[in-house]
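Worksheet: the structure to be examined is printed underneath.
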Amino acid sequence: MVQARLVATLQPGGTAPAATPDAQGSTRRGADALPGGLTPREAEVLTLIAQGLSNAQICAGLVVSQATVKTHINRIFAKVGATDRAQAVGYAYPDNLADGG
């Protein structure tokens with residue numbers, strides 16, 4: 001999975017930290033491990049954008065609605081200070097988000 005590889009790549013030594021259960025019992029990795037305060041899902045969407053996928057391809061691959069993909073993209077833009085996909089992709093490269101790890 002892209003998300004797991006992404007998180008593993010961004011950790012010192014190249015290993016992903018153990019996931020910890022939250023109050024509801026689901027396991028989530030801390031957003032502070034990702035650049036720009038991105039959530040793991042936002043980082044995954046940014047990786048897919050950098051790979052050239054359209055919104056329709058992203059929603060099909062992640063099995064989410066187009067509205068959800070658009071929400072993730074808008075949040076990514078806000079967090080990284082981008083106004084379009086090209087700027088977001090430019091942000092992805094220095095942090096090794098462009099290739100998914």
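To the nearest 0.5 Å, the span separating OG on Ser54 from CG on Leu48 amounts to 10.5 Å. Interatomic distance, CD of Gln57 versus CG of Leu62, reported as 11.5 Å (0.5 Å rounding).
For the pair Tyr91 (side chain) and Leu46 (backbone), a donor-acceptor distance under 3.5 Å is absent.
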Throw together a table of side-chain donor-acceptor distances under 3.5 angstrom for residues 77-90, partners on residues two or more places apart or in other chains.
| unit_1 | atom_1 | unit_2 | atom_2 | d |
| --- | --- | --- | --- | --- |
| Lys79 | NZ | Gly37 | O | 3.1 |
| Lys79 | NZ | Glu42 | OE1 | 2.7 |
| Lys79 | NZ | Glu42 | OE2 | 3.4 |
| Thr83 | OG1 | Gln87 | OE1 | 2.9 |
| Asp84 | OD1 | Ala86 | N | 3.2 |
| Asp84 | OD1 | Gln87 | N | 2.8 |
| Arg85 | NH1 | Asn55 | OD1 | 2.6 |
| Arg85 | NH2 | Leu53 | O | 2.7 |
| Gln87 | OE1 | Thr83 | N | 2.6 |

List the atom pairs, with distances to 0.1 Å, where a side-chain N or O of residues 67-75 and a protein N or O form a donor-acceptor pair under 3.5 Å, not counting sequence neighbours.
| unit_1 | atom_1 | unit_2 | atom_2 | d |
| --- | --- | --- | --- | --- |
| Thr68 | OG1 | Ser65 | OG | 3.0 |
| Thr71 | OG1 | Ala67 | O | 3.0 |
| Asn74 | ND2 | Lys70 | O | 3.3 |

